[in-house]
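Notes to accompany the following structure.
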Amino acid sequence: MPSKRRPALRANSGHFATFGMTSFFRMWNFEMNGQRFRRLQEQYSDPLLTALTVMLAILLFVVGPLQAAGVVTAHDFGIAFGLVLVAAVFIVSGSGVALAAILVAVALIILATVLRLTRPSAVDIYLDAAAWLIAGLTLSIVVARAVFAPGQVTFHRVIGAVLLYLNIGLIFAALFCFVALRLPNAITGIGTLQDNLAVAGNLIYFSFVTLTSVGYGDIVPLHPFARGLANVEAIIGQLYPATLLARLVTLELEARRGR
């Protein structure tokens with residue numbers, strides 16, 4: 001009987017040894033991939049803040065007005081920005097939740113585009129506004145954590161703070177869109193709220209005019225909800241550059257002098 005059990009014991013021992021070696025190599029590969037990703041984060045996290053800032057500024061202030069005027073079509077640039085945004089959010093944050101939120105926003109924009117081509121309706125505007133709101137909030141959280149993280153304040157982090165400021169305007173543009181959809185005539189001067197690029201351009205324009213407290217008076221919030229949002233955005237627009245952004249610039253200059 002003992003002699004019959006030895007082959008089975010040897011076979012089981014070999015199986016466990018093979019399983020142990022496989023598990024070891026899997027853990028080693030996972031650790032190596034984690035180290036590569038951390039090196040990738042350290043190398044590209046800060047420069048990506050600058051790249052996103054430049055691309056978002058071009059999208060909002062150059063491509064957007066040209067598209068609203070019918071001069072150009074911004075689909076190619078929008079797709080490129082979406083791809084860079086997905087990669088940048090994952091690299092900068094390393095969070096699967098943030099990546100999933102950005103992918104949901106991209107999916108909503110794709111769905112809105114398909115519906116716009118087949119059956120245009122107010123649903124397209126809701127989907128676009130929801131997508132920009134999700135993308136703006138997610139990107140703001142990711143950028144804020146990167147900008148205000150412990151460590152040396154670099155030039156890229158200061159530019160990232162500017163990106164956060166632009167995102168605030170984008171978030172409020174989406175919120176103004178929801179208010180205008182639910183409450184007709186809540187904001188005068190934006191035109192009939194329909195699925196066209198001019199309305200989106202007017203909402204972005206009104207949001208940034210409010211954020212910077214310019215107030216030309218061509219677009220005016222009338223409903224209390226719209227006025228409340230405008231007040232909150234104007235307060236943030238005044239306090240953010242005067243406190244957080246100015247502090248980051250001071251820290252970056254001090255770090256540059258200390259080199």
Side-chain angles (χ1 to χ4, degrees), residues 30-64 74 76-106 131-174 204 207-208 211-212 236-259:
F30 180 78
E31 184 178 354
M32 290 298 294
N33 290 332
Q35 291 177 356
R36 289 172 187 157
F37 181 74
R38 283 192 292 272
R39 287 197 297 268
L40 189 67
Q41 274 187 311
E42 294 174 358
Q43 185 175 0
Y44 293 107
S45 181
D46 284 356
L48 277 173
L49 296 176
T50 301
L52 282 175
T53 305
V54 173
M55 292 190 71
L56 183 59
I58 294 174
L59 183 65
L60 290 175
F61 306 128
V62 179
V63 179
D76 294 337
F77 189 87
I79 293 172
F81 178 75
L83 294 175
V84 173
L85 181 62
V86 170
V89 165
F90 182 65
I91 292 174
V92 174
S93 68
S95 170
V97 176
L99 178 62
I102 293 296
L103 290 176
V104 168
V106 173
W132 282 110
L133 182 60
I134 293 172
L137 288 173
T138 304
L139 187 59
S140 296
I141 294 172
V142 169
V143 171
R145 292 182 63 183
V147 169
F148 301 109
Q152 182 180 353
V153 178
T154 63
F155 171 78
H156 294 296
R157 287 198 181 190
V158 175
I159 299 300
V162 176
L163 174 61
L164 185 56
Y165 188 71
L166 296 178
N167 267 296
I168 293 172
L170 192 61
I171 290 170
F172 275 93
I204 293 173
S207 178
F208 280 96
L211 184 66
T212 56
I236 294 174
Q238 291 298 304
L239 293 179
Y240 181 85
T243 56
L244 296 177
L245 187 56
R247 178 60 177 164
L248 283 173
V249 172
T250 303
L251 291 175
E252 197 274 337
L253 291 175
E254 290 179 352
R256 188 177 298 181
R257 292 193 195 100
R259 291 172 188 171

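On a predicted model such as this, the values are computed, not experimentally measured, just so you know. We're numbering straight along the sequence, starting at 1.
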Is there a donor-acceptor pair under 3.5 Å between the side chain of Thr138 and the backbone N or O of Ala98?
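Looks like no, no N/O pair under 3.5 Å.
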
[X]: side-chain contact (heavy atoms from CB on, under 4.5 Å) partners, not counting sequence neighbours:
X      : answer
Thr53  : Ile159, Val162, Leu163, Leu166
Val104 : Leu108, Ile134
Ala144 : Phe148, Leu164
Leu239 : Ile235

Those residues at least two apart in sequence (or on a different chain) that pass ring-ring contact (aromatic ring centres under 6.0 Å, His included) with Phe61 are Phe208

Heavy atoms, side chains only, cut-off 4.5 Å: are Leu49 and Val143 in contact?
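Yes, their side chains come closer than 4.5 Å.
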
I'd like to know whether Val142 forms a side chain to side chain contact (heavy atoms under 4.5 Å, CB included) with Ile102, so could you lay out the CA-CA distance, the side-chain angles of the two residues, the decisive distance to 0.1 Å, and finally the verdict.
CA-CA 11 Å; Val142 169; Ile102 293 296; over 6 Å; no

Over all heavy atoms of both residues, which pair between Val92 and Ala146 is shortest? Give the atoms and the distance, please.
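That closest heavy-atom pairing would be CG1-CB, 3.7 Å.
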
Do you know the tightest heavy-atom contact between Ser140 and Ile171?
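Residues Ser140 and Ile171, closest heavy atoms: OG-CD1, 3.5 Å.
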
Got a second to check how far [X]'s [atom1] is from [Y]'s [atom2], nearest 0.5 Å?
X      : Y      : atom1 : atom2 : value
Phe172 : Leu133 : CZ    : CG    : 10.5 Å
Leu85  : Leu52  : CG    : CG    : 6.0 Å
Leu170 : Leu139 : CG    : CG    : 9.0 Å

All pairs passing side chain to side chain donor-acceptor pair (under 3.5 Å) where residues 156-169 contributes a residue, at least two apart
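Applying side chain to side chain donor-acceptor pair (under 3.5 Å) to every pair that reaches into residues 156-169, excluding sequence neighbours, yields Thr50-His156.
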
